[in-house]
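Down below is the structure, laid out as structure tokens.
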Amino acid sequence: MTKLKADRFDVLMNKAKSEDSKAQYKLAQWFYKGHLVEKSNEQAAYWAFKSLNNGCLKAESLLSSIKY
């Protein structure tokens, strides 16, 4: 991962860890699509679930589309 990509990921991860539901949703999308990170349905589901619990209703759609 290039430094720029790593920086973008770090910023997003820090926001997600601080319970920012939009950042959690975006992180879930990144893991689901393998964008800037290695594709991981488990991580996608984890962050989509956290996002949904923090009020991001569109995370429910993403969560339902993740295959295990």
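For the pair Ala28 and Ala48, the tightest heavy-atom approach, listed with the atom from each and the gap, is CB-N, 3.4 Å.
Atoms CD1 and OH, from Ile66 and Tyr46 in turn, are 13.5 Å apart once rounded to the nearest 0.5 Å. With rounding to the nearest 0.5 angstrom, the CH2 atom of Trp47 is 14.0 Å from the CG atom of Leu63. Separation of atoms CH2 (Trp30) and CD (Gln43) is listed at 14.0 Å; rounding is to 0.5 Å. With values rounded to the nearest 0.5 angstrom, Leu27 atom CG is found 10.5 Å from Leu36 atom CG.
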Give the table of side-chain donor-acceptor pairs shorter than 3.5 Å for residues 51-58, with sequence neighbours excluded, one pair per line with atom names and distance.
unit_1	atom_1	unit_2	atom_2	d
Ser51	OG	Ser21	O	2.9
Asn54	ND2	Glu19	OE1	2.8
Asn54	ND2	Gln24	OE1	2.9
Asn54	ND2	Lys50	O	3.1

Please list every donor-acceptor pair under 3.5 Å in which a side-chain atom of residues 7-17 meets a protein atom from a residue at least two apart or in another chain.
unit_1	atom_1	unit_2	atom_2	d
Asp7	OD1	Lys3	NZ	3.3
Asp7	OD2	Lys3	NZ	3.3
Asn14	ND2	Asp10	O	3.2

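Every residue was checked against the side-chain hydrogen bond (donor to acceptor under 3.5 Å, both in side chains) condition with Glu60, not counting sequence neighbours, and none meets it. Ser64 meets the side-chain contact (heavy atoms from CB on, under 4.5 Å) test with no other residue; sequence neighbours excluded. For Lys22, the side-chain contact (heavy atoms from CB on, under 4.5 Å) partners two or more places apart in sequence, or in a different chain, are Asp20.
Within the structure, the salt bridge (charged side-chain N to carboxylate O under 4.0 Å, His left out) test picks out no pair touching residues 24-40 (sequence neighbours left out).
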